[in-house]
Amino acid sequence: QVQLVESGGGLVQAGGSLRLSCTASGRTSSSYAMGWFRQAPGMQRDFVAAITGSGEGSGYAVSVKGRFTISKDGARNTLYLEMNSLKPEDTGVYYCVATDTEYYYLGSERYPYWGQGTRVTVSS
């Protein structure tokens, strides 16, 4: 099993920045693809960004591309999401995910490991 713990959420004004972190423990591997999903109130969980196990490849939702950057520190088993130019529509609970393959997926059903989530609120 892999345990994921997110941190870094909070309240920020539109245009501001936040950095989310996710620390993995348990049966971890630097070759595991990881990513972030978010869930706005009353909505389904949507893909935000993901990165390959090697860290050499990444993908983003259209809505965040150019504003968010995903990265990972294999030595620290930690995943990051740098969020800039935040908008009110970025508000939601952000979940860290992991899967035991090198390549990432866009569908939430392909990730067996989920964190508890960290809340991000962007005020206008």
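Numbers here are sequence positions counted from 1.
Under a 3.5 Å cut-off, the side chain of Tyr111 and the backbone N or O of Gly35 do not form any donor-acceptor pair. Looking only at distances, a side-chain donor or acceptor of Thr52 sits under 3.5 Å from a matching main-chain atom of Gly57. Side-chain atoms of Gln116 never come within 3.5 Å of backbone atoms of Glu6 as a donor-acceptor pair (strictly under, hydrogens ignored). Between the Gln13 side chain and the Val122 main chain, no donor and acceptor come within less than 3.5 Å of each other. No donor-acceptor pair under 3.5 Å is formed between the side chain of Tyr105 and the backbone N or O of Thr99. In terms of modelled atom types and a separation under 3.5 Å, the side chain of Arg67 and the main chain of Ser63 share a donor-acceptor contact.
The CZ atom of Arg38 lies 8.0 Å from the CD atom of Glu89; values are rounded to the nearest 0.5 Å. In this structure, OG in Ser108 is found 11.0 Å from CZ in Phe47, a value given to the nearest 0.5 Å. To the nearest 0.5 Å, atoms OH (Tyr32) and CG (Asn77) are separated by 10.5 Å. Met83 contributes atom CE, which lies 4.5 Å from atom CG of Leu18 (distance to the nearest 0.5 angstrom).
Between Ser17 and Ser85, the closest heavy-atom pair is OG-N, 4.4 Å. Heavy-atom minimum distance, Pro88 versus Ser124: CG-CB, 3.8 Å. Minimum interatomic distance between Ser21 and Thr78 (heavy atoms only, all atoms of both residues): CB-CG2, 4.4 Å.
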*Check the pair Glu82 / Ser71 against side-chain contact (heavy atoms from CB on, under 4.5 Å), numbers first and verdict last.*
CA-CA 8 Å; Glu82 187 75 36; Ser71 62; over 6 Å; no

*Going through the checks in order, is the side-chain contact (heavy atoms from CB on, under 4.5 Å) test met by Asp73 and Tyr80?*
CA-CA 8 Å; Asp73 184 335; Tyr80 302 99; 4.0 Å; yes

*Any chance you could lay out the side-chain contact (heavy atoms from CB on, under 4.5 Å) test for Leu79 and Ile51, step after step, and finish with the verdict?*
CA-CA 9 Å; Leu79 180 73; Ile51 191 167; 3.7 Å; yes

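Residues Tyr113 and Gln3 are not in side-chain contact: their nearest non-hydrogen atoms beyond the backbone lie 4.5 Å or more apart. Looking at Phe68 and Asn84, their side chains never come closer than 4.5 Å, going by heavy atoms from C-beta outward. With contacts defined as side-chain heavy-atom distances shorter than 4.5 Å, the pair Leu81/Val48 qualifies. Looking only at side-chain heavy atoms (C-beta outward), Leu4 and Trp114 stay at 4.5 Å or farther from each other. Counting heavy atoms from C-beta outward, Val120 and Leu20 have side chains that approach closer than 4.5 Å. Side-chain contact between Tyr60 and Ile70: present, with at least one pair of heavy atoms (C-beta onward) separated by less than 4.5 Å. By the 4.5 Å heavy-atom criterion applied to side chains, Arg119 and Thr121 are counted as neighbours. Considering only heavy atoms from C-beta on, Tyr104 stays 4.5 Å or farther from Met34 through its side chain.
Both Tyr103 and Val97 are members of a single hydrophobic cluster when ILVMFWY side chains are connected at heavy-atom separations under 4.5 Å.
Tyr95 carries Arg45 over the face of its six-membered ring, with the cationic atom under 6.0 Å from the centre and within 45° of the normal.
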